[in-house]
Amino acid sequence: MNAAVQSSTGNAGEILAVSNLTRIFGGLTAVRDVTMTVRTGEVVGLIGPNGAGKTTLFNMLGGSLPPSSGSIRFDGSDCTGAPSHVMGQRGVSRTFQITSLFPSLTALDNVRSAAYRTTRAGWGAAILRNAAYRREEEELRRKALEILAFCDLDHRADTLADAMSYGEQRRLEIAIALAAEPRLLLLDEPAAGMNPEEGQRLVEMIRRIRARGVTVLLVEHHMRVVASVCDRLVVLDHGVKIAEGPPAQVLNDAEVIRVYLGREPVDA
Amino acid sequence: MDFTVFAQQIANGLVNGMAYVLIATGLTLVFGVLRIVNFAHGEFYMLGAYITYFIGTLFGLDYLAAAAISAVVVAGLGIAANKLIFWPLRRDHEFTILLSSLGLALLIANGGELLFGADPKYVESPFADEVLEIGTVTLTQQRVLVFAAAVVALVAVYLFIRYSRFGKMMRATAQNPDGAALTGINIGLVHTYTFALACGLAALSGALVGPTVMIFPTIGNWAVLKGFIVVIMGGLGSVTGALFAGLLLGVIESLGGGYISLGFMEAIGYAMIIAVLLWRPNGLFSTARGLR
Amino acid sequence: QQPPVRIALIGPMSGTGAFEGQLGLEGAQAMVSVINAKGGVAGGRKLELLTYDDKGSPEDGVSAAKRAMEQDNVDLIVGGWFSAVALSMKEATRDKIVTVMTSSQHPKVTEEGHKYLFRLNATSAMMSEFYSKAICDRIKPKSIAFMNVNDDWGRLELDNYTKLLTACGIEVKGHEFYNRTDTDFTTALTKLKSLNADAIYVAAINTSQGATIYRQIKQTGYRGKVIASAGNMNPKLVELSGNSLEQVYSASPFTEDATAPSLKPWLEEYRKSYKNEPSFIAALGAQAVQVLAFGIDAAGDPRAYDKIASTLKSQEVPTVMGNLRFSDKGQASQAIHLVQVQKKQIVSVRD
Amino acid sequence: MLKVEGLKVRYGHREAVHNVSLTVEDGELVTLVGSNGAGKTTTLKAISALLRPSGGTITFDGERIDRLAPHQVIERGLVHVPEGRQLFPDMTVLEHLELGALRGRPGSMGFAERLRWVYELFPILAERRTQKAGTMSGGQQQLVAFGRGLMANPKCLMLDEPTLGLAPIIVDTLADTIRSLHGTGITILLVEQRVDLALRLADRAYVLETGRVVMEDSAQTLLADPRIKTAYLGL
Amino acid sequence: MSTHSHGRPLAQPFAIGGGVAALAVLPFLAGNAYLEHLLVLWMLYALLALSLNIVIGYLGELTFGHAAFVGVGAYTSAILSTQLGLPPLLGLPMAGLVAAMFGLVIGYAALRVVGPQFAILTLGFGAILFTITNHWVDLTRGPMGISDIPPMAVGPLTFTAARETYYLVLVLVLATAYLCHALVSSRTGRAFLAVRENAPLAASLGINVFHTKLLGFVAATAIAGIGGAIYAHYIRVITPDIMGVHNVAALIIVVIIGGRGTILGPILGALVYIGLLESLRVAGPLRMVIFAALLTGTVVFLPGGLVSLWQRWRNSHKAENNLPAAANGLPSTEGGAK
Ligand SMILES: Nc1ncnc2c1ncn2[C@@H]1O[C@H](COP(=O)(O)OP(=O)(O)OP(=O)(O)O)[C@@H](O)[C@H]1O
Ligand SMILES: Nc1ncnc2c1ncn2[C@@H]1O[C@H](COP(=O)(O)OP(=O)(O)OP(=O)(O)O)[C@@H](O)[C@H]1O
Ligand SMILES: CC(C)C[C@H](N)C(=O)O
Ligand SMILES: [Mg+2]
Ligand SMILES: [Mg+2]
């Protein structure tokens with residue numbers, strides 16, 4: 001029994017292990033030979049200049065883009081090339097850099113639809129309206145409202161996603177990703193379009209997400225957010241990992257400053 | 001295999017296919033630029049044939065002049081349809097727009113039945129019964145004209161889209177209307193021109209095909225279906241794709257009809273489309289969306 | 001003022017057969033005008049035609065018959081232009097209402113003999129028996145190929161003529177079926193042409209497809225004879241076909257130069273009201289109205305169906321196409337003539 | 001130069017902008033700040049005629065523009081670089097820049113010169129001139145949108161969150177660019193969530209909340225305002 | 001805090017109960033057999049439209065092949081009863097089953113693509129089914145169609161008259177409506193909507209997009225097959241025309257004009273379609289022209305379909321509220337009048 005647990009988690013505490021991952025588009029190598037790991041419960045920041053390959057890496061982790069070579073292990077098992085819905089089922093949720101939600105559903109229904117992974121009562125149960133179904137629906141509704149409140153959107157529960165402002169939509173995306181109760185959450189620039197104050201609330205939110213037991217991999221260009229929430233940073237440049245370590249160290253790395261941060265090490 | 005018959009069937013297929021191409025080109029423009037599945041496109045084809053007929057019989061104009069005028073008149077009607085229906089709906093859901101075009105198709109077809117009468121008509125053309133023998137292949141001059149005129153029209157349209165400034169604007173509008181508007185493109189004008197061009201082409205094909213068959217108010221039905229198939233098979237928005245897909249469909253249909261089964265001729269055509277789409281889901285000449 | 005007698009005319013008013021429907025309606029309407037001008041039926045009741053569209057489809061035919069009977073409560077029905085429609089419609093009206101079927105030729109329409117059902121056109125068996133003789137004796141092709149519409153009638157035609165023509169030594173080289181919705185026939189005709197038959201027999205159910213086929217036969221460069229199916233020749237077809245129908249034969253119960261007394265007033269009325277030339281289909285419309293009027297006059301009441309039926313089955317009915325006799329099963333016997341297109345006119349060929 | 005008075009904009013039945021008035025003087029750099037959903041984007045869209053206002057007037061260079069179509073607004077030299085980039089995914093970077101120049105006003109710089117200038121500002125655009133915009137990274141796309149706007153030779157530039165998704169080093173470049181554009185006399189209306197950056201760049205600022213202007217002052221004053229500090233800067 | 005989930009808890013059951021009661025007494029108000037016949041047609045169209053709505057409204061894909069499945073169902077039951085003497089009552093589930101099997105195979109192939117490509121693929125498959133039906137004379141009697149189909153019968157009860165058939169179809173419509181309601185208020189149905197709205201996002205949430213679509217497609221085709229069988233036993237004659245583009249267009253019109261993605265929409269749409277076409281008979285030759293003009297006009301002025309009228313009314317009564325989600329009080333059933 002112990003052995004089973006062992007084997008299913010692989011290296012103790014390591015939820016994601018990426019090795020020698022490469023993705024080539026035509027003549028362009030967007031991600032080159034990247035090796036990195038994420039431990040359970042960590043918040044890891046993935047930063048790097050525009051076009052460094054962060055989103056491409058996310059796409060491969062989320063299963064929407066097959067790697068050209070290399071491998072991905074999630075939760076101890078090999079997931080290289082697994083399609084998106086399989087990754088989703090296994091517990092990898094993500095937000096997209098370009099806003100992606102269910103536009104003509106309300107915020108509440110966005111979240112309820114997103115809870116697919118965690119619900120069980122299907123069509124048959126709904127036809128019968130049995131107790132289990134009713135209980136689950138009630139529970140789902142409660143949970144969805146709770147997640148909306150968690151993302152500061154409870155006042156918008158009945159608003160169509162399409163009719164929300166950019167910043168609200170970004171928060172709704174996080175709510176959607178959370179509804180799947182992921183084990184690993186990939187956030188692609190969640191703070192884009194938020195002002196510093198909202199960014200700080202986001203930091204709070206990510207902390208609370210982590211407190212729920214969710215591991216987070218975060219792509220972000222807002223250094224204040226990155227610096228205050230991440231345990232560890234990985235830096236990509238031209239698809240290559242150029243630095244890795246605690247924020248304080250990485251953000252003062254000369255090379256990182258040269259290619260990514262520019263003049264100010266930590267902008268506000 | 002009898003080579004004469006084979007060659008004849010290929011020739012028949014190429015001519016029929018070219019008619020499909022002409023119809024499909026307008027459709028693919030409207031689809032590619034405006035994202036409109038225009039079910040009424042076949043009705044503009046029908047109007048093209050009828051207007052050619054009426055100009056010929058009422059004003060006694062010769063066939064070629066009548067065909068040209070008809071194309072212009074129908075282009076105008078296309079502009080009107082755009083103004084009244086498609087432009088106001090441009091921000092609505094694609095299914096809504098589709099339904100409106102279905103309504104327009106019904107309106108024109110039934111209005112046509114009322115206006116033009118139930119009796120079939122024949123568009124007189126001096127080329128219709130003149131038989132041309134090319135080797136062992138027999139074609140009427142009219143059929144050769146269908147082919148030749150279509151080639152000319154297609155080349156012109158292709159060059160226009162590919163190399164004119166307006167073509168670039170059309171492509172931009174196709175891919176992102178809001179972005180186009182913010183770039184200073186008059187998207188209203190793009191809509192208007194696109195419709196005029198598409199409907200003019202539809203009318204031209206009606207005028208050209210008219211003398212090879214009888215015309216009646218519901219001939220648009222098959223035209224639009226064939227057009228769509230060609231559009232999708234060629235790749236949405238691709239004029240080159242429409243050319244190849246249309247010719248291919250024409251030839252496959254006539255060979256399938258000639259050598260396998262006439263009754264299943266259409267089915268053979270459809271089977272080919274299915275095969276093509278399963279092999280290349282975006283069509284023969286498509287890499288992604290938008291007008292190319 | 002007595003209420004009018006209401007007759008439902010159910011026919012193909014839209015779709016590819018719309019022209020046939022139109023001709024039939026015009027013929028019937030002209031006859032209604034003639035009869036009404038003479039004081040109507042059953043002691044002064046006027047006739048009134050209500051039009052229904054069967055779109056050439058059996059389902060719509062049934063639906064139209066239902067509506068005519070149940071909703072509009074018509075007194076009598078005229079319908080059944082296409083066999084496919086007639087075959088279904090006859091079940092919907094069975095034993096409920098006097099129904100006159102017009103141009104359909106399928107034998108099954110009157111095979112069982114419903115109480116109130118009548119059919120005017122000759123059955124394809126009757127037609128083919130007559131016409132095949134003419135083909136064998138007069139046209140004399142050595143071999144023949146068929147170009148038939150794919151429906152009840154077209155398939156029946158093929159069976160009949162294959163049998164009858166083979167019997168008189170004509171070789172049947174092949175056939176093609178085309179669909180009711182087709183608009184181009186070059187593929188089929190290229191195939192038929194390559195069979196090198198002496199003649200191509202065309203069973204075209206509607207004018208627009210017929211005209212296209214005749215034209216395209218010539219356009220493929222076919223030099224043999226063309227034979228038009230029986231019952232389908234009309235002036236519009238001749239006009240639309242250009243020169244391609246010149247010298248082509250057909251068979252028809254209708255000729256304009258016939259001697260029936262009611263023919264002239266009808267022709268006059270028809271020409272006055274419509275721009276089409278009088279045709280067989282139009283004459284069938286007229287005949288249907290005449291048959292009904294005759295029955296009503298005899299019975300004195302349009303609803304006395306039993307009486308109308310027995311009158312029609314026992315007496316000779318004078319019509320635009322001569323006097324008509326109905327069998328016990330309601331099948332009329334029409335005199336059939338051989339006709340030929342000569343200088344763009346349909347003329348009857350008499351020896 | 002740009003004057004908005006009593007602007008109202010509705011989406012369906014819901015009014016998102018109630019009575020917004022603002023002015024941007026010739027050559028001024030004005031910023032519009034406010035939290036998510038305040039109506040900043042809606043206001044800009046109304047000015048550039050993407051949305052039709054349900055009330056109020058907009059004048060540009062002394063001319064009413066609230067009944068014009070978007071392309072007519074641009075012809076007058078008022079250019080909007082929108083939120084969400086609004087690119088043409090299957091067109092190349094170069095085609096975007098060409099289209100940008102299509103309806104622009106003729107200016108001191110010719111097309112080739114202007115192109116060179118934009119390429120100098122953002123070398124990645126030169127490097128990727130034949131790449132389709134749809135395949136570019138988020139930040140790269142943002143630069144395409146900005147470059148396309150610059151190609152139109154604007155008299156007045158409206159920027160909706162131009163730094164969105166940009167790496168810090170590029171944010172600096174962009175800030176420098178905005179500053180130098182401002183320096184050459186181009187009027188700028190800037191919407192930006194990096195409020196501190198915006199306020200440091202701007203001459204004046206408006207604060208928008210739930211569709212209303214709630215504050216209006218010089219940028220420096222607002223930067224020091226404690227309310228701004230807590231509400232927007234999270235300090 | 002919100003009126004969202006189940007509308008006004010009291011009003012809704014009452015409204016539904018009232019509606020069902022009204023539907024139940026309708027034939028007695030009709031007055032003549034033809035009007036009852038129209039009621040049957042209404043219900044048949046409603047049934048078919050509800051099934052099509054699963055694909056158009058919930059999955060957001062346009063299918064041009066739906067009529068073919070109606071035809072498959074109709075022919076299945078017709079052939080079984082005329083050639084094998086199977087009781088029509090057994091033919092009904094068989095029709096559903098066979099149609100679903102066709103749906104499975106065709107869906108499996110066609111659902112690999114989306115949007116217009118999918119529409120054309122379904123058109124192609126539909127056309128092939130049509131052609132086969134039209135030419136396989138030995139099985140289907142080809143263009144001659146199958147006539148003398150026995151009426152539906154349940155035990156001693158035969159459904160020859162319109163009135164009885166009406167109740168039969170009404171029951172099926174209500175059942176299907178309930179099925180759809182259950183669907184959208186279940187995990188499965190929410191997955192449908194997720195796939196419709198944003199397939200890549202749905203996939204990232206663990207939803208197997210392809211399977212979800214296939215499920216919806218097969219369910220829709222099964223219902224279509226059953227509807228087709230009832231039609232066959234009611235009209236008692238079928239031809240390949242039942243699979244033609246005419247029927248395809250009619251069903252699409254019904255769904256969209258009523259309001260796609262809602263339950264009331266297709267039912268209302270069917271009523272309007274049948275009712276309008278019938279009442280326009282007074283217009284004589286202008287009938288179809290007026291119909292088409294009304295259709296086009298409705299689309300231009302009421303793009304969200306008829307049910308959006310109700311939404312508008314509700315909106316004007318609670319101004320300053322958010323856009324409502326539910327058209328008929330059911331959660332999430334709205335297609336979004338985008
Ligand atoms: N489909 C594609 N085809 C060609 N090139 C691509 C494609 N997708 C991405 N690229 C290129 O790959 C590189 C990496 O892009 P990616 O989106 O991963 O960058 P990123 O690190 O997320 O940047 P940003 O911070 O700007 O979002 C870029 O140069 C981009 O242009
Ligand atoms: N298409 C739409 N339909 C309906 N309401 C909309 C639409 N777009 C925006 N809104 C609403 O209008 C209000 C203002 O939105 P707007 O996008 O202008 O905000 P913003 O200030 O730009 O916010 P952000 O900083 O998040 O981009 C919001 O409440 C939003 O929900
Ligand atoms: C109008 C006629 C051509 C009809 C044909 N005789 C039939 O039986 O269908
Ligand atoms: Mg990215
Ligand atoms: Mg905004």
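Note that the coordinates shown come from a computational prediction; the quantities given were computed from them, not determined experimentally. Numbered from 1 within each chain, the chains take letters A, B, ... in sequence-line order.
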**Request:** Answer yes or no: is there a donor N or O on one side and an acceptor on the other, between the side chain of E/R187 and the main chain of A/T119, under 3.5 Å?
**Result:** yes

**Item:** Contact origin within E/A219 toward chain A - heavy atom pairs under 4.5 Å
**Value:** side chain

**Request:** Would you list the pairs meeting side-chain hydrogen bond (donor to acceptor under 3.5 Å, both in side chains) in which at least one residue belongs to residues 213-224 of chain E, sequence neighbours left out?
**Result:** E/E61-E/K213

**Asked** With no hydrogens and no angle check, do the side chains of E/S185 and A/R129 hold a donor and an acceptor under 3.5 Å apart?
**Response** yes

**Asked** A/R112 and E/L193: side-chain contact (heavy atoms from CB on, under 4.5 Å), yes or no, with the steps?
**Response** CA-CA 11 Å; A/R112 288 205 289 193; E/L193 301 189; over 6 Å; no

**Item:** Side chains of A/L140 and E/R190 in contact at under 4.5 Å (non-hydrogen atoms)
**Value:** yes

**Asked** Which atoms form the tightest heavy-atom contact between A/F102 and E/A202, and what is the distance?
**Response** CE2-N, 4.2 Å

**Asked** Can you pull the ring-ring contact (aromatic ring centres under 6.0 Å, His included) pairs that have at least one residue in residues 128-153 of chain A, sequence neighbours excluded?
**Response** none

**Item:** Toward chain E, the part of A/R120 with a non-hydrogen atom under 4.5 Å
**Value:** both

**Message:** The criterion is side chain to side chain contact (heavy atoms under 4.5 Å, CB included); which residues satisfy it with A/L128, sequence neighbours excluded?
**Reply:** none

**Complete:** Taking a cut-off of under 4.5 angstrom between non-hydrogen atoms, the residues of residues 59-67 of chain A near chain E are none

**Message:** Tell me whether the count of non-hydrogen atoms from other residues, nucleotides or ligands lying under 6.0 Å of CZ in E/F102 goes above 12.
**Reply:** no

**Fill in**
chain E shares the most heavy-atom pairs under 4.5 Å, among A/S93, A/A180, A/A121, with A/A121

**Prompt:** How many angstroms lie between CH2 in A/W123 and CG in E/L183, if you round to the nearest 0.5 Å?
**Reply:** 4.5 Å

**Fill in**
Counting heavy-atom pairs under 4.5 Å with chain E, the top scorer among A/L186, A/N110, A/I176, A/V86 is A/I176

**Request:** Heavy-atom distances under 4.5 Å only: say whether A/E137 touches chain E with side chain, backbone, both or neither.
**Result:** side chain

**Request:** Please state whether the side chain, the backbone, both or neither of A/F96 comes within less than 4.5 Å of a heavy atom of chain E.
**Result:** side chain

**Asked** Any idea which heavy atoms bring E/P200 and A/S84 closest together, and the distance?
**Response** O-OG, 4.3 Å

**Message:** As an exercise: rank E/I207, E/L179, E/T188 by heavy-atom pairs under 4.5 Å with chain A and give me the winner.
**Reply:** E/I207

**Item:** Spacing of E/L201 atom CG and A/E173 atom CD [to the nearest 0.5 Å]
**Value:** 7.5 Å

**Asked** So, the side chain of E/E197 versus the backbone of A/S104: is there a donor-acceptor pair under 3.5 Å, distance only?
**Response** yes

**Asked** Which atom names give the shortest non-hydrogen contact between A/R117 and E/L205, and what distance separates them?
**Response** CB-O, 4.1 Å

**Message:** Are there over 12 heavy-atom neighbours, none belonging to E/Y178, within less than 6.0 Å of that residue's OH?
**Reply:** yes

